[in-house]
Amino acid sequence: MKATNLYAPTLRESPAEAEVISHKLMLRAGLIRKAAGGVYSYLPLGWRTIRKIQQIIREEMDAAGGQEIAMPIIQPSELWKESGRWEVYGDEMMRMKDRHGREFCLGPTHEEMITALVRDEVRSYKQLPLMLYQMANKYRDEIRPRFGLMRSREFIMKDLYSFDRDEEGMNVSYQKMYDAYAKIFTRCGLEFRPVEADNGAIGGGHSHEFTVLAQSGESSIAYCGGCDYAASDEKAELKVIVEAPEDALPLEKVETPDAHTIELVKDYLQVPIEKTIKAVAFQDDDERLILAFVRGDHEVNEVKILNAVEGALHLHMAEESAIVAAGGCPGFMSPIGLKPGTVVLVDSTVMEMHNAVAGANEKDFHYKNVNPKRDFKDVIVTDLRMVKEGDPCPRCGAPLKMTRGIEAGQVFTLGTKYSQSLGATFLDENGKEKPLVMGCYGIGVGRTMAAAIEQNNDEHGIIWPRAIAPFELVVVPVNAKNGEQLSYAERVYEELKAAGVDVLLDDRTERAGVKFKDCDLIGYPLRITIGPKALEENVIEVKVRKTGEVLSFTKESYLREVRELLKKL
RNA sequence: CGGGACGUAGCGCAGUUUGGUAGCGCACCUCGCUUGGGACGAGGGGGCCGCAGGUUCAAAUCCUGUCGUCCCGACCA
């Protein structure tokens, strides 16, 4: 490819709409352009990277036994009504009607579609296991699209679905995908971490997220320095902190004027924050009140709350009226003295506290000497805490560390959730009808590109990992109007191309500085400069984008040297 | 959806407070000159000032509405 034939409009300044580095650089380097909020066009350079990522994914999916298919983006509502998700998905689903008034959606995911595809054809255990995947646009009307390709409303996803005869088979498929994902992100040149994750609304069994490490990421993960435990912040299991035993003192109600926050309470009563119990009040979609109690210095984890309360799908902060109706007092809430039937969750650590301070469900009053095991009735005890730096690892007890990242992929076991609701069954050796046991596995392709940029950039622009760079190498004649330089550069370009290097010739008649700046911005891993110096000294000069080092090779050796350099990038 | 900010040329911005009919830098076109890190000179093209109402002799500027964008919260690849 020659730059004079390449549509790669670069910008000197970032458009004001871009906030994060990957978004800014993708716009400046001419990889993408915005069409609408959370909807983007891919320009030639951006699309080359997307295709390279897709190709890596394809190779690993095929190697793991996957077969590529293509399913429609437009999906009939009937399927979603069968699975029950037509209602559940809510406003995030892009819905449409055809001229006859039939309802459709733009697929946010394809569990329903693929299960319906497979249920009519897979009849026998002999056809299993089966892994089918596709790379297609997904549509999710995000509440707030942001950060360019990191959270968009239309995005390219690779989604694979596995079908097995039993749990054991599903776990084999799951492990194959887990391993394939690790290979994919490694081949893309990314620093990542697989972490245990919550399944969320998709349902099913266990799950891992593949998180590309980056400070700008939206995900927070906890990992152990002592063993290989790693989990998303929402999922991270926490050990119960057992307080040293104390004799239980009699419950005592004390006046705490205006002390409606835990900070005020601890200061007013002069107790350490570890001796206080605080409450967070939520309501679910049915406006059912859910009260969660954690130690004063801990934070509640809403995902754990959702998992602990049967039938709850979403949470929002409770209305004061709902709290009062349950016998509670906002700012002074307590599990003691609530009306029967109120959903009360108590963190396991709280149950181990002695003589603690908690609200009294009465304005300006708290209880002292609360002993949860003695005083709390009809409460659900479970792990409700959000992990924080330094918490003990659930496996080995060493302090956990926290870091941020971008969730580029996730693998789930689904079990029979969709095969049962959609009636996808097969016959086993005994002629017995059983539901297919499923798993699903997604990679955000555009997000992977964005994550790669977040992780690999400097003040001049992108520094692509070789495997996903739009071009591996750019040949720059310093002055393309100089016939000698241009023809020399063309010869080098042809040689590299013949040697299988993915090379671009920047034959534009721009001044050298302009071209160098563009090369750095776009981030080609290697640059060969053909100028008077190179011609006089009869050397090939190679500059490494990542390190800035400049190497000179002879015409005889440079092809080999370039190949060696590329291997390392 | 709640809270905040912003819509003026392809991009970045000034002008809005105090109404008088639109400007700067970059980019773009032509000519000259220049070519190892975003040159220079001369000339030139491009804007229903987001959109719709209203106030006024007169609106980018004031008022109302609306659409869009971005940031902070609840969702997710």
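Lettering follows sequence order; numbering is per chain, from 1.
As a whole-Å value, the separation of A/F192 CZ from B/rA77 C1' is 16 Å. Between the NZ atom of A/K34 and the P atom of B/rG68 there is a distance of 12 Å, given to the nearest Å. The distance from atom CG of A/D506 to atom C1' of B/rU35 is 13 Å, rounded to the nearest whole Å. Look at CZ on A/F282: it is 10 Å from P on B/rA74, rounded to the nearest Å. Rounded to a whole Å, the CG atom of A/N301 is 12 Å from the P atom of B/rA74. The nearest whole Å value for the distance from the NZ atom in A/K481 to the C1' atom in B/rU34 is 8 Å. Atom pair A/M93:CE and B/rC76:C1' shows a separation of 14 Å (rounding to whole Å applied). For the pair A/N137 CG and B/rA77 P, the interatomic distance rounds to 16 Å; values are reported in whole Å.
Here A/K533 pairs with nothing under the salt bridge (Lys or Arg N to Asp or Glu O under 4.0 Å) rule; sequence neighbours left out. Checked against side-chain contact (heavy atoms from CB on, under 4.5 Å), A/I305 has the following partners two or more places apart in sequence or in another chain: A/F282, A/I290, A/A292, A/V300, A/V309, A/L315, A/L345, A/L384. Residues that satisfy the side-chain contact (heavy atoms from CB on, under 4.5 Å) test with A/M94, not counting sequence neighbours, are A/L106, A/Y139, A/D141, A/R153. Applying the salt bridge (Lys or Arg N to Asp or Glu O under 4.0 Å) rule to A/K388 yields the partners A/D297; only residues at least two apart in sequence or on another chain are considered. When the salt bridge (Lys or Arg N to Asp or Glu O under 4.0 Å) test is applied to A/K546, no partner is found at least two apart in sequence or on another chain. Qualifying salt bridge (Lys or Arg N to Asp or Glu O under 4.0 Å) partners for A/D518, counting only residues two or more places apart in sequence or in other chains: A/R508.
Pairs passing the salt bridge (charged side-chain N to carboxylate O under 4.0 Å, His left out) check and including a residue from residues 3-32 of chain A, sequence neighbours excluded, read A/E17-A/K34. Residue pairs meeting the salt bridge (charged side-chain N to carboxylate O under 4.0 Å, His left out) criterion with at least one partner in residues 439-449 of chain A, sequence neighbours excluded, are absent. Under the salt bridge (charged side-chain N to carboxylate O under 4.0 Å, His left out) criterion, the residue pairs touching residues 181-193 of chain A are A/E59-A/R187, A/E60-A/R187, with sequence neighbours excluded.
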Distances under 3.5 Å only, N/O to N/O: pair up the protein atoms with those of nucleotides 3-5 of chain B.
none

Table of protein N/O atoms under 3.5 Å from nucleotides 12-15 of chain B N/O atoms:
| unit_1 | atom_1 | unit_2 | atom_2 | d |
| --- | --- | --- | --- | --- |
| B/rG12 | OP1 | A/A16 | N | 2.4 |
| B/rG12 | O4' | A/E13 | OE1 | 3.4 |
| B/rG12 | O2' | A/E13 | OE2 | 3.1 |

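As rounded to the nearest Å, B/rU64 and B/rG4 have P atoms that lie 16 Å from one another. Only the C1' atoms considered, B/rU16 is 16 Å distant from B/rG50, to the nearest whole Å. The C1' atoms of B/rC72 and B/rC29 are separated by 44 Å, rounded to the nearest whole Å. For the C1' atom pair drawn from B/rG3 and B/rU61, the interatomic distance equals 27 Å after rounding to whole Å. With both ends at atom C1', the span from B/rC49 to B/rG20 equals 16 Å, rounded to whole Å. Remark: the separation of the C1' atoms in B/rC1 and B/rC57 is 45 Å, to the nearest Å. The gap from the C1' atom of B/rC24 to that of B/rU66 amounts to 31 Å, rounded to the nearest Å. Atom P of B/rA14 sits at a distance of 32 Å from the matching atom of B/rU56, rounded to the whole Å.
The side chain of A/R151 lies closest to B/rC76 when the candidates are B/rU34, B/rC71, B/rC76. In the set B/rC28, B/rA77, B/rA74, B/rC28 carries the atom at the smallest distance from any side-chain atom of A/E510.
Using Watson-Crick or G-U wobble geometry with both donor-acceptor distances under 3.5 Å, B/rG7 finds its partner in B/rC67. If you check B/rC62 for Watson-Crick or wobble pairing at under 3.5 angstrom, you find it paired to B/rG54. B/rU30 and B/rA42 make up a base pair, with Watson-Crick or G-U wobble contacts both under 3.5 Å. Remark: B/rG37 base-pairs with no nucleotide in the shown strands. Criterion, Watson-Crick or G-U wobble with two distances under 3.5 Å. Base pairing analysis places B/rG47 opposite nothing; no Watson-Crick or G-U wobble pair with both distances below 3.5 Å involves it. In this structure, B/rG2 and B/rC72 make a Watson-Crick or G-U wobble pair, each of the two defining distances being under 3.5 angstrom. With both pairing distances under 3.5 Å, B/rA22 is matched to nothing as a Watson-Crick or G-U wobble pair.
Among the protein residues, A/S152 comes within range of the nucleic acid bases, having at least one heavy atom under 4.0 Å from a base atom. Residue A/K138 is classed as having no contact, given no heavy-atom separation below 4.0 Å to the nucleic acid. Note on A/E92: only backbone sugar-phosphate atoms sit closer than 4.0 angstrom, heavy atoms only; bases stay farther off. At a threshold of 4.0 angstrom between heavy atoms, the contacts of A/F147 are confined to the sugar-phosphate backbone, with no base atom among them.
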For this session: Treat primed atoms plus P, OP1 and OP2 as sugar-phosphate and everything else as base, then score nucleotides 36-44 of chain B 5' to 3': B for base contact with protein heavy atoms under 4.0 Å, S for sugar-phosphate contact only, - for none.
Result: BBBB-----
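Annotation: A/W80 is in aromatic contact with A/Y89 [ring centroid separation under 6.0 Å]. The aromatic ring centroids of A/Y181 and A/H208 lie 6.0 Å or more from each other.
Going from atom SG of A/C519 over to atom CG of A/L504 covers 7.5 Å, rounded to the nearest 0.5 Å.
Checking the phosphate oxygens (OP1, OP2) of B/rC72, a side-chain nitrogen or oxygen of A/R144 falls inside 4.0 Å. Look at A/R146 and you'll find a side-chain N or O under 4.0 angstrom from OP1 or OP2 of B/rC72.
Inspection of the A/K138 and A/H110 side chains reveals an N or O donor paired with an N or O acceptor under 3.5 Å.
The 12-atom threshold is exceeded at CG of A/N5, counting heavy atoms of other residues, nucleotides or ligands nearer than 6.0 Å.
Where A/V445 and A/N479 each meet RNA chain B at their nearest nucleotide, the meeting point lying more 5' is that of A/N479. Each of A/E209 and A/E19 has a nearest nucleotide on RNA chain B; the 5'-most of these lies closest to A/E19.
Geometrically, A/R527 engages A/F516 in a cation-pi contact defined by less than 6.0 Å to the ring centre and at most 45° from the axis.
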